[in-house]
Engineer: 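To start, I am sharing the structure in question, which I have written as structure tokens.
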Amino acid sequence: RRQVLDGLDIKETVLNMMHTSVSNHVALAFGENQQLDAAQYHEMLKGMEGIYFAKGAVEFSDEEIPSKTQEDFDEAFIAAAEKTYEAKEQEVTTPIMRELERVIMLRVVDEYWMDHIDAMDDLRQGIRLRAYAQTNPVDAYKKESLEMFEEMISAIQEETVRRLYSVRIQRNEEIKRERVAKGMTENVGGDGTVKKQPKK
């Protein structure tokens, strides 16, 4: 969050987040399997097309799918997603893309951190009951709070990438992270446009 507010270039961070998100989609599709059949492949593709890359950007024939490894799919999807991201950057211009990355990440971090604080309060309230189940409340709290933190980080990564890929810029729209930091709310509408409104 501090890096974002300081205006540092976080493109590399965003692309690493995208790599992780895409790899997670692929890993989830494979599960314990060593290969996918055509139906599993198309189901996996459905979760990524239209978000990380356009429909038809990655095409494997039904015959070749079973011979492809998890790494093969990772490479193909990440390459297509990087190409899509670069095309978006060319469209909106590099300075605006860098600012968009900071604005959106700041917004997502703040939203998820507030939710995390609430969830930690709920955990603290409920953890006292563990003593009755002969579970050490301190151990249970440490374990569950770490799991919750890791889930929050993963959710922040996924949501930041999703919003950056879906955002659309309106002409002459002003994008300033300072506004977000000072209590302005940025909402990504269903049509992907960024709308900024002051909190009421």
Side-chain angles (χ1 to χ4, degrees), residues 1 3-31 33-36 38 40-62 64-109 111-112 150-171 173 175 177 180 186 188-194:
R1 189 178 191 282
Q3 288 178 342
V4 174
L5 287 172
D6 287 346
L8 296 185
D9 185 337
I10 57 166
K11 180 180 183 178
E12 209 55 45
T13 303
V14 169
L15 288 178
N16 286 335
M17 287 176 163
M18 178 274 286
H19 290 188
T20 301
S21 295
V22 169
S23 295
N24 286 346
H25 276 284
V26 176
L28 199 61
F30 269 82
N33 304 320
Q34 295 303 307
Q35 61 184 49
L36 297 181
Q40 291 168 319
Y41 166 77
H42 290 295
E43 189 60 34
M44 169 179 71
L45 194 58
K46 216 160 48 174
M48 287 185 274
E49 275 187 331
I51 299 175
Y52 302 104
F53 44 81
K55 201 173 167 72
V58 178
E59 288 184 326
F60 291 103
S61 69
D62 288 358
E64 62 180 325
I65 289 165
S67 67
K68 296 295 177 187
T69 65
Q70 191 169 321
E71 289 74 26
D72 291 333
F73 289 125
D74 269 355
E75 282 176 20
F77 294 142
I78 286 170
E82 282 184 349
K83 196 172 169 187
T84 302
Y85 201 79
E86 293 303 331
K88 181 181 277 287
E89 182 170 322
Q90 294 304 310
E91 181 193 338
V92 303
T93 74
T94 296
I96 288 180
M97 199 67 198
R98 296 294 80 79
E99 197 62 25
L100 264 177
E101 288 162 355
R102 289 186 283 263
V103 166
I104 287 178
M105 188 182 283
L106 179 63
R107 191 71 229 151
V108 173
V109 167
E111 285 172 15
Y112 279 78
E150 286 171 348
E151 282 170 13
M152 178 193 70
I153 296 299
S154 178
I156 284 172
Q157 291 182 339
E158 190 84 22
E159 184 63 10
T160 299
V161 171
R162 190 193 68 76
R163 289 193 196 183
L164 276 164
Y165 271 84
S166 65
V167 72
R168 296 285 177 274
I169 301 298
Q170 294 170 356
R171 290 272 174 217
E173 185 171 6
I175 304 161
R177 69 187 173 279
V180 178
E186 173 254 323
V188 178
D191 59 355
T193 53
V194 175

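Only this structure's heavy atoms are used, side chains among them; waters, hydrogens and symmetry mates stay out.
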Engineer: How far apart are the closest heavy atoms of Gly47 and His25, and which atoms are they?
Structural biologist: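 Heavy atoms only, the tightest pair is O-CE1, 3.9 Å.
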Engineer: Please round to the nearest 0.5 Å and tell me the distance separating atom OG1 of Thr160 and atom CE of Met105.
Structural biologist: 5.0 Å
Engineer: Can you say whether the rings of Tyr41 and Phe77 are parallel (under 30°), tilted (30 to 60°) or perpendicular (over 60°)?
Structural biologist: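 Parallel: the ring planes of Tyr41 and Phe77 meet at under 30°.
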Engineer: What are the two closest non-hydrogen atoms of Arg168 and Ser166, and how far apart are they?
Structural biologist: NH1-O, 3.4 Å
Engineer: Regarding Thr20 and Gln157, is there a side-chain donor-to-acceptor distance under 3.5 Å anywhere?
Structural biologist: no
Engineer: If you take all heavy atoms of Val58 and Leu45, which pair is closest and at what distance?
Structural biologist: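 Distance-wise, the nearest heavy atoms are O-CD2, 4.3 Å.
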Engineer: Give me the atom names and distance for the closest heavy-atom approach of Phe60 to Ala76.
Structural biologist: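 Between these two residues, the closest heavy atoms are CZ-CB, 3.8 Å.
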Engineer: Please examine the side chains of Gln70 and Leu36, heavy atoms only from C-beta on, and report whether any two atoms are closer than 4.5 Å.
Structural biologist: no
Engineer: For residues Lys88 and Tyr165, report the shortest heavy-atom separation together with the two atoms involved.
Structural biologist: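 Scanning both residues completely, I find the closest heavy atoms to be CE-O, 3.3 Å.
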Engineer: Can you tell me how far apart OH (Tyr112) and CZ (Arg107) are? Round to the nearest 0.5 Å.
Structural biologist: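 Reported value, rounded in 0.5 Å steps: 12.0 Å.
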Engineer: Between Glu82 and Met18, is there a side-chain heavy-atom distance shorter than 4.5 Å?
Structural biologist: yes
Engineer: Hydrogens and angles aside, do Asp62 and His42 bring a side-chain donor and acceptor to less than 3.5 Å of each other?
Structural biologist: yes
Engineer: Run the numbers on Val108 and Ile104 for side chain to side chain contact (heavy atoms under 4.5 Å, CB included), then give the verdict.
Structural biologist: CA-CA 6 Å; Val108 173; Ile104 287 178; 4.2 Å; yes
Engineer: Are the charged groups of Glu159 and Arg163 less than 4.0 angstrom apart, N to O?
Structural biologist: yes
Engineer: Looking only at heavy atoms, which two atoms of Arg102 and Leu8 are closest? And how far apart?
Structural biologist: NH1-O, 3.0 Å
Engineer: Taking atom types as modelled and ignoring hydrogens, do the side chains of Thr69 and Asp72 form a donor-acceptor contact shorter than 3.5 angstrom?
Structural biologist: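 Short answer, yes.
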Engineer: How long is the span from the CD atom in Glu89 to the OG1 atom in Thr93, to the nearest 0.5 Å?
Structural biologist: 8.5 Å
Engineer: If we ignore hydrogens and angles and just use 3.5 Å, is the side chain of Ser154 paired with the main-chain N or O of Glu150 as donor and acceptor?
Structural biologist: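 Judged by distance alone, no pair lies under 3.5 Å.
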Engineer: Hey, could you give me the CZ/CG distance between Phe30 and Asp74, rounded to the nearest 0.5 Å?
Structural biologist: 8.5 Å
Engineer: Would you say Phe73 and Val22 make side-chain contact, with heavy atoms under 4.5 Å?
Structural biologist: no
Engineer: Can you tell me how far apart NZ (Lys55) and CD (Glu49) are? Round to the nearest 0.5 Å.
Structural biologist: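 Going from the NZ atom of Lys55 to the CD atom of Glu49 covers 5.0 Å.
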Engineer: Could you tell me whether a side-chain N or O of Thr84 sits under 3.5 Å from a main-chain N or O of Tyr52, the two making a donor and an acceptor?
Structural biologist: yes
Engineer: Within the side chain of Glu64, is there an N or O that forms a donor-acceptor pair under 3.5 Å with the backbone of Ser61?
Structural biologist: yes
Engineer: Checking salt bridge (charged side-chain N to carboxylate O under 4.0 Å, His left out) between Lys11 and each of Glu101, Glu99, Glu86, which is the one that passes?
Structural biologist: Glu86
Engineer: How long is the span from the CD atom in Glu75 to the NZ atom in Lys68, to the nearest 0.5 Å?
Structural biologist: 10.0 Å
Engineer: Show your working on side chain to side chain contact (heavy atoms under 4.5 Å, CB included) between Asn33 and Gln40 and close with a plain yes or no.
Structural biologist: CA-CA 11 Å; Asn33 304 320; Gln40 291 168 319; 3.7 Å; yes
